[in-house]
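What follows is a short report on a single structure.
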Amino acid sequence: MLQPQNKQTDAFISTGIAGLDTILAGGLTKHRLYLVEGEPGTGKTTMALQFLMEGARHGEPVLYITLAENEVELRAVAQSHGFTLDGITVHEIIPAEGVLDPDEQYTVFHPSEVELGETNRLILAQINRLNPTRMVLDSLSELQLLAGSPLRYRRHVLALKQYFAKRACTALFLDDKTALGGDQQVRSIAHGVISLQQLESGYGAERRVVRVLKYRGIDYRRGPHDYVIISGGVVAYPRIVASESREIASRGQVASGLPLLDTLLGGGIEEGSSTLVSGPPGTGKSSLAAQFVKAVTDRGQKAAMFVFEESYNTLLNRADGIGMDLRTPLASGLLQVNQVDPAELSPGQFTHAVCTAADEGAKVIVIDSLNGYMNAMPEARFLTTHLREVLTYLGQRGVVTLLVGVQQSMIGTMGSKVDVSYLADNVLLLRYYESGGSVHKALSVFKKRGSKHETTLRAFSISDQGIEVGPVLKDFRGILTGVPVNVSQDKDEAEHE
């Protein structure tokens, strides 16, 4: 579990981004210099504006010094997110148009000898005039180019760091990494380093990742964390670490509302467990999962569904077709249905949505389907490990999680590219089998960790009256092969002979 911030320095401030504060274990240590680095387009400016807006909201004097973009461009960025720059002082230190005139070019001195000193003078003048508690310098690439040499650049940044510390100012330096060889210089000087990355995707939206590379004296949350830039600014999604909230609690069972199904399950599904509902297409996996949603909402409890392949409208119409009313709990707020757009999804976003539903009191959560989940993020690594963290998090909150898994074969040997049966506490298997010139369905419980259960195969069917779990299929042998033998018929023939 993350430890609280360093007790010797108990003054911390928010970055203005709740998720980033969580990653930083509470926020930024006051009166320090921080480096925010990332290539153009990763959201450095937006993040910096949110940082200053948070200070302005508390009545602090804040300053944005730009060495590249002008104030008009900054205000346009702010306007696109619905930000207001009220309370934020923006100061431009940009070369005047006169530098384009050949008569204005330096001939005796190197430009860096003159322009770095002038730039430094203007920066210090603004700080002395405003005395800000928060400041952003955008960007370091300009200073690095003006410095001319790594030694001069390092000394200049180190001097600025000491200057800000003495003036009780928390500073963010932005680095767009367009100048070569300077990032390591500032990384070693800065109190903390936040790296923003934009990863290309083969299809759909790119994935953005934030990492804290360095934070002196703080036990921050390590590793990559997804973030997005939306209308409203940067939103960060801290990586789930399930071990942070482990607890021991007694759990009851959640009934399905179908007596024979509950008998098959040994009374129901245990709270805090995950259940894989597996079978070929069309066997009724989604409907079976929805049955538990209907059961808990009928009892006045909340539920949430995350659907990948099926549209929101199709889900409701299909439920209507089998006599399952999901519209009423949806209208009352007991049911939350989230249609996931695979092309726009990142693992962090999905995890955040699922865990938020659990935190808001959902008793049952359905992920339909695992195949859609895996296919939506084919370029993201360690998705199975990621899913394990999500399931553990949900389990610790007593949520019944239902995972729908599609198997490829219709009758006979079945297989799946998505094998998470070892992660699930329970496995419900739906099968087709042929008998009497018709195709029928069977349901069985192959695995259940929480309690005893039937090891039988029961008839399963869906009609406009809903789901029906029938008697044990004791007259058949070999149902799992898809082409069973009628044992009772063979017995009768043997007796007649």
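Counting begins at 1 with the first residue of the sequence.
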> Restricting to pairs with a member in residues 76-86, which pass salt bridge (charged side-chain N to carboxylate O under 4.0 Å, His left out), not counting sequence neighbours?
Replying inline: none
>> Whether Glu270 and Lys448 form a salt bridge (side-chain N of Lys/Arg under 4.0 Å from carboxylate O of Asp/Glu) is what I want to check.
In response: yes
> Quick check, are the ring centers of His191 and Tyr34 under 6.0 angstrom apart?
Replying inline: yes
> With a cut-off of under 6.0 Å to the ring centre and 45° to the axis, is Arg239 in cation-pi contact with Tyr237?
Replying inline: no
> Between Phe308 and Phe350, is the ring centre distance below 6.0 Å?
Replying inline: yes
>> Can you pull out every ring pair (Phe, Tyr, Trp, His ring centres under 6.0 Å) where at least one residue sits in residues 257-290? Sequence neighbours excluded, please.
In response: none
> So do the side chains of Ile13 and Thr29 get within less than 4.5 Å of each other, counting heavy atoms only?
Replying inline: no
>> Tell me every residue that passes salt bridge (Lys or Arg N to Asp or Glu O under 4.0 Å) with Glu468, counting only those two or more places apart in sequence or in another chain.
In response: none
> Just checking, is any N or O donor in the side chain of Gln197 or Arg208 under 3.5 Å from an acceptor N or O on the other one?
Replying inline: no
>> Closer than 4.0 angstrom, basic N to acidic O: yes or no for Asp175 and Lys44?
In response: no
> Can Glu54 and Arg134 be counted as an ion pair, charged N to O under 4.0 angstrom?
Replying inline: no
>> For a quick test of reading the model, state the closest non-hydrogen atom pair linking Asp176 to Pro40 and the distance between them.
In response: O-CD, 3.6 Å
